Amino acid sequence: MNVYDSGQIARMLALSGYKTTPFMDRADVIFLNTCSIREKAEQKVYSFLGRLARLKRKNSDLIIAAGGCVAQQEGDKMLQRMPHLDLVVGTHAYHRLPWMIQKIESKKCRIVDVELAETIDESEPFINPAKAGENNGVTNFVTVMRGCDNYCAYCVVPYVRGREISRDPANIIQEVEMQVSNGMREVTLLGQNVNSFGKKEGKASFPELLAQLNEIKGLLRIRFTTSHPKDLSDDLINAFGKLDKLCHHIHLPVQSGSDRILGLMNRRYSRQQYLKKIKKLRRVCPQIAITTDIIVGFPGETSDDFKQTLDLIQEVSYDNLFAFKYSDRPQTRATELTDKLPEDAKAIRLQRVLEKQKKQTLLKNQALIGTTATVLVEGASKREKNTLSKIDCHRIQWSGRTSSNRIVHFLTDDGASLGKSIFPGALVSVKINEAYANSLFGRAISVTPDNV
Ligand code: SAM
Ligand code: SF4
């Protein structure tokens, strides 16, 4: 979501005549887009901002701005703590940036704008298509809703992103169509709980939005994140069996395998209910990859609660997961719980989860050796990128992802004419020869003709 927001911010600054530069020490404006989901992310923001004081001393005209969730959460306090900071912009205020920047340029003032809006201004112009896919031009994010009404006990999102609001479906489709006409082939739709999409607005449900996007010519793949397990609907599950562009992957954060901890977290589903949804998903789409988020060391988590999480990881047999040590976040209910776990105990649990999953992911990847995967090419693998213009196309090592979101690096056999028809955005059949914990390696067999 922050990647998408950074695109919006860059486009708003472009309206004031600024261009992006890789040289921070020569910039006229430095904009830091921040995350406050965990304590560590927030600490990094302050240490990074602290280091910018040196640049401000060298150039008093330099404008230093902070946006995103830490800015939203801290507001005025951030300006007080960082005397060299000029601007604090909340998560709903980016469209006012040109005005704020102009005011700072002319009046040399400092501004805080952290107002949370009740609606989305659909007239906000689209992300600059030239910036589509920061890294590859083939895949991109599109935020379909913002905020969250769920109030999980540990989570700061409802406080820093505001109430749940969905964008107009017609507007989303227009944005995706425009990006497709600029080369995007895969879209990832973003929302904290996509199952609530359109519920307040009543224009289209999330499965209906997916069905409409599935019709867009030139778009090859659709992904989304995140779906809250408590409201993962049968309609959305069935979409995996119906929509040919919907990728075979769902990220379904479980957080804990213990019903007691799930209750304390206010997740509003039980372990059994979660497992039932996993079963349904696999019935509709047997090849679906399932990934999750786990929080270890939630206040009061006993070794038995933790063991239930490890058991659940085994039972579901996830394709991959993200795991985090619990940290207190401002305003959340969990901060008031007693029985907090010491850092070292959380670190040990985190390690156990990560090690368990690493073995599981490797086994799953190894099972793919000898199979053929359809890969959407995102670009040349980093190692070869700089030499792209100097070598023959067919010698390039390409990389992309499978529908199940696995990274695949591949080569074409030397001298094969096949290599010349591979390009970023092509769908290529790849025979998998090697498997690692984080990627697969193979050789191209064929390119899907006319895949656009
Ligand atoms: N909306 C998504 C959902 O309900 O699953 C998750 C959004 S949150 C941005 C991403 C992940 O950060 C969560 O799934 C959770 O595992 C983790 N997280 C959130 N708050 C946390 C906290 N206080 N401490 C540790 N991890 C946290
Ligand atoms: Fe946070 Fe996700 Fe819960 Fe919303 S649903 S409060 S974003 S964890």
Side-chain angles (χ1 to χ4, degrees), residues 1-5 33-44 68-70 72-73 91 141 143-166 188-197 199 206 223-232 236 250-258 261-269 273-274 277-278 290-301 306 309 312-313 316 318 320-337 340-341 343 345-347 349-350 353-354 357:
M1 209 162 262
N2 266 16
V3 171
Y4 181 83
D5 288 351
N33 193 10
T34 65
C35 174
S36 69
I37 194 74
R38 284 169 289 277
E39 198 179 8
K40 200 169 160 197
E42 188 179 332
Q43 287 162 354
K44 281 188 191 167
C69 293
V70 178
Q72 184 66 51
Q73 179 188 295
T91 52
F141 298 114
T143 294
V144 297
M145 56 200 298
R146 71 181 183 202
C148 183
D149 290 348
N150 281 316
Y151 293 95
C152 299
Y154 51 80
C155 185
V156 78
V157 168
Y159 306 98
V160 290
R161 293 268 170 179
R163 297 285 58 71
E164 201 168 80
I165 314 166
S166 301
T188 302
L189 307 172
L190 301 175
Q192 294 301 344
N193 180 14
V194 293
N195 267 299
S196 307
F197 177 83
K199 279 200 178 144
F206 190 65
R223 301 184 188 276
F224 63 82
T225 192
T226 305
S227 172
H228 192 303
K230 81 174 156 57
D231 356 79
L232 174 62
L236 185 52
I250 188 165
H251 186 66
L252 202 59
V254 68
Q255 314 299 358
S256 168
S258 150
I261 296 295
L262 288 173
L264 286 173
M265 285 178 165
N266 190 32
R267 288 292 282 179
R268 288 179 277 168
Y269 54 81
Q273 286 165 334
Y274 181 88
K277 300 216 173 177
I278 298 283
I290 301 175
T291 56
T292 201
D293 289 348
I294 302 279
I295 296 179
V296 298
F298 187 79
E301 185 189 68
F306 178 63
T309 299
L312 184 88
I313 294 172
V316 175
Y318 289 108
N320 220 334
L321 56 75
F322 297 107
F324 312 103
K325 287 186 287 181
Y326 167 82
S327 57
D328 275 344
R329 305 312 299 129
Q331 293 176 277
T332 61
R333 269 195 273 159
T335 52
E336 283 154 29
L337 294 172
K340 302 264 162 68
L341 272 78
E343 271 312 302
K346 291 191 272 186
R349 290 185 183 181
L350 179 71
V353 168
L354 293 176
Q357 184 57 45

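All ligand and atom numbering here is 1-based and tracks the order in the structure. Bear in mind that the values here come from a model prediction, so they are computed numbers and not experimental data.
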Look only at the side chain of [X] and the backbone of [Y], and say whether a donor-acceptor pair between them is shorter than 3.5 Å.
{"X": "K340", "Y": "T335", "value": "yes"}
{"X": "T143", "Y": "L190", "value": "no"}
{"X": "Y274", "Y": "G257", "value": "no"}
{"X": "Q72", "Y": "T91", "value": "yes"}

[X] neighbourhood, listing ligand 1 atoms whose heavy-atom distance to it stays under 4.0 Å:
{"X": "Y326", "answer": "24 (N), 25 (C)"}
{"X": "R329", "answer": "23 (N)"}
{"X": "P253", "answer": "5 (O)"}

*Do you see a donor-acceptor pair shorter than 3.5 Å between the side chains of Y154 and R267?*
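Side-chain D/A pair, Y154 to R267: present.
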
*Please determine, by modelled atom types, if N195 and S227 share a side-chain donor-acceptor pair under 3.5 angstrom.*
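Note: N195 and S227 side chains meet the donor-acceptor criterion.
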
Tell me which protein heavy atom sits closest to [atom], plus the residue, atom name and distance to 0.1 Å.
{"atom": "atom 16 (O) of ligand 1", "value": "Q255 OE1, 2.8 Å"}
{"atom": "atom 22 (C) of ligand 1", "value": "S327 O, 3.6 Å"}
{"atom": "atom 10 (C) of ligand 1", "value": "D293 OD2, 3.8 Å"}
{"atom": "atom 6 (S) of ligand 2", "value": "C152 N, 3.4 Å"}
{"atom": "atom 25 (C) of ligand 1", "value": "K325 O, 3.3 Å"}
{"atom": "atom 8 (S) of ligand 1", "value": "I37 CD1, 3.7 Å"}
{"atom": "atom 12 (O) of ligand 1", "value": "R38 NH1, 2.9 Å"}
{"atom": "atom 7 (S) of ligand 2", "value": "Q192 OE1, 3.5 Å"}

*Tell me which one of M265, Q192, K230, E39 gets a heavy atom nearest to atom 2 (C) of ligand 1.*
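Ranked by closest heavy atom to atom 2 (C) of ligand 1, first place is Q192.
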
*Residue C155, metal atom 3 (Fe) of ligand 2, N/O/S under 2.8 Å*: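 Under 2.8 Å: C155 has no N, O or S contact with atom 3 (Fe) of ligand 2.
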
_Looking at ligand 1, is there an atom of it that comes within less than 4.0 Å of some heavy atom belonging to M1?_
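M1 does not count as a contact of ligand 1 under the 4.0 Å cut-off.
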
*Report yes or no: does a heavy atom of K40 sit under 4.0 Å from some atom of ligand 1?*
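For ligand 1, residue contact (heavy atoms, under 4.0 Å) with K40 is absent.
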
Under a 4.0 angstrom heavy-atom cut-off, which atoms of ligand 2 come close to [X]?
{"X": "H228", "answer": "5 (S)"}
{"X": "Y151", "answer": "6 (S)"}
{"X": "V157", "answer": "7 (S)"}

Is there side-chain contact between [X] and [Y], with at least one heavy-atom pair below 4.5 Å?
{"X": "P158", "Y": "R163", "value": "yes"}
{"X": "H228", "Y": "C152", "value": "yes"}
{"X": "P253", "Y": "H251", "value": "yes"}
{"X": "Y326", "Y": "L341", "value": "no"}
{"X": "L236", "Y": "F224", "value": "yes"}

*Ring centers of F298, F306 separated by less than 6.0 Å*: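 Ring centroids of F298 and F306 are no less than 6.0 Å from each other.
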
*Have a look at ligand 2 and work out which part of P158, if any, has a heavy atom under 4.0 Å from it: side chain, backbone, both or neither.*
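Answer for P158: side chain.
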
*Between Y154 and ligand 2, find which residue part has any heavy-atom pair under 4.0 Å and reply side chain, backbone, both or neither.*
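Near ligand 2, Y154 shows its side chain, while the N, CA, C and O stay back.
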
Would you say [X] and ligand 1 have an N/O pair spaced under 3.5 Å apart?
{"X": "N193", "result": "no"}
{"X": "R267", "result": "yes"}
{"X": "Y154", "result": "yes"}

*Using non-hydrogen atoms of the residue, decide whether R267 is closer than 4.0 angstrom to ligand 2.*
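True for this residue.
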
*asked:* I'd like to know: is atom 4 (Fe) of ligand 2 within the 2.8 Å range of an N/O/S atom from C148, strictly under that distance?
replied: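 For C148, the answer is yes, given that an N, O or S atom comes within less than 2.8 Å of atom 4 (Fe) of ligand 2.
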
One thing to verify: whether [Y] and [X] come together as a salt bridge, which I'm taking to mean a side-chain N less than 4.0 angstrom from a carboxylate O.
{"X": "R161", "Y": "D5", "value": "yes"}
{"X": "E42", "Y": "R329", "value": "yes"}
{"X": "E164", "Y": "K199", "value": "no"}

